[in-house]
Structure formats: C-alpha cells, structure tokens
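To start, the structure under review is shown below, and the notes come after it.
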Amino acid sequence: MIVIREFVRTGGVGMSDSQLVSAVRERMVLAPVHVQRGWLREVELVLDGYGTPPQLAAATRLRSVLSLLASEVKT
C-alpha cells in the first residue's frame with residue numbers, strides 16, 4: 001500500500017503504467033479472490049482523498065490499473 005500511496009502522492013512520477021500494474025498485482029497475489037475484490041475497491045475509495053492536479057492525474061492512472069485488475073479477478 002505504501003508504494004501505491006507514494007505513487008499518488010508524487011503525481012505518478014517515476015513509475016510506468018506496467019510497473020504500476022505489477023506493484024498492485026504483487027500486493028494482491030496471495031489473497032483469495034473475494035479479498036482481492038474488496039481490496040481493489042478500498043484502494044479506489046482512498047483515491048477520492050487526493051486533490052492536486054498531479055495527484056488527480058496519478059489517481060486516474062491508478063484507477064485504470066484497478067479496473068484492469070478487477071476485471072482479471074472476476075474471471
């Protein structure tokens with residue numbers, strides 16, 4: 001979670017989208033599917049607390065990653 005928080009806090013600087021996907025996936029790999037779904041939703045809800053333009057841009061990128069991973073978890 002710290003990596004994700006730092007990604008948003010810094011406005012997404014220094015991490016590509018594929019690195020972001022890997023970082024998020026790494027944090028959920030050992031959890032059962034029902035836990036993964038809840039965790040992805042919780043991370044998305046946390047994003048609502050950020051408000052500066054760079055952080056909003058990073059949050060948008062992270063939301064795309066969360067959506068991608070949520071669709072993988074549904075299968």
Side-chain angles (χ1 to χ4, degrees):
M1 193 68 156
I2 293 171
V3 170
I4 296 166
R5 184 187 68 215
E6 286 302 303
F7 170 80
V8 174
R9 188 187 65 75
T10 63
V13 175
M15 187 179 286
S16 69
D17 287 354
S18 62
Q19 290 171 316
L20 182 58
V21 168
S22 294
V24 174
R25 185 176 280 133
E26 181 179 301
R27 269 119 192 108
M28 33 184 287
V29 71
L30 297 177
V33 172
H34 72 281
V35 172
Q36 291 178 9
R37 286 186 192 119
W39 185 83
L40 289 167
R41 182 68 184 132
E42 285 177 31
V43 172
E44 187 169 357
L45 291 172
V46 168
L47 296 176
D48 293 337
Y50 291 97
T52 67
Q55 291 169 333
L56 291 173
T60 298
R61 288 175 56 201
L62 182 53
R63 285 181 201 277
S64 295
V65 165
L66 296 174
S67 177
L68 170 74
L69 293 173
S71 69
E72 291 178 5
V73 171
K74 288 179 184 176
T75 59

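Here the structure is a predicted model, which is why all the values come from computation and not from measurement.
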hydrophobic_cluster_shared for Leu69 and Val35, side chain cutoff 4.5 Å: no
Is it the case that one hydrophobic cluster holds both Leu66 and Leu56, taking links as side-chain heavy atoms less than 4.5 Å apart, direct or via other members? no
In chain order, what residues pass the side chain to side chain contact (heavy atoms under 4.5 Å, CB included) check against Gln55, with sequence neighbours excluded? Val8, Arg9, Tyr50, Thr52
Any residue meeting salt bridge (Lys or Arg N to Asp or Glu O under 4.0 Å) with Arg41, in chain and number order, not counting sequence neighbours: Glu44
Who passes side chain to side chain donor-acceptor pair (under 3.5 Å) against Ser16, sequence neighbours left out? Ser18, Gln19
Checking Arg5 now: which residues fulfil side chain to side chain donor-acceptor pair (under 3.5 Å) with it, not counting sequence neighbours? none
So which pairs with a foot in residues 24-34 pass side-chain hydrogen bond (donor to acceptor under 3.5 Å, both in side chains), sequence neighbours left out? Arg25-Glu72
Gly11 and Ala58 have their tightest heavy-atom pair at C-CB, 3.4 Å
Which salt bridge (charged side-chain N to carboxylate O under 4.0 Å, His left out) pairs, counting each pair once, include a residue from residues 49-61, with sequence neighbours left out? Asp17-Arg61
Interatomic distance, CG@Leu47 vs CG@Leu62, rounded to 0.5 Å, equals 5.0 Å
Distance from Leu20 atom CG to Ile4 atom CD1, nearest 0.5 Å? 7.5 Å
Do the side chain of Ser67 and the main chain of Arg63 share a donor and acceptor less than 3.5 angstrom apart? no
Could you work out the complete set of other residues in the hydrophobic cluster of Val29, with links drawn between I, L, V, M, F, W and Y side chains under 4.5 Å apart? Leu30
Do Val24 and Val43 have side-chain heavy atoms sitting under 4.5 Å apart? no
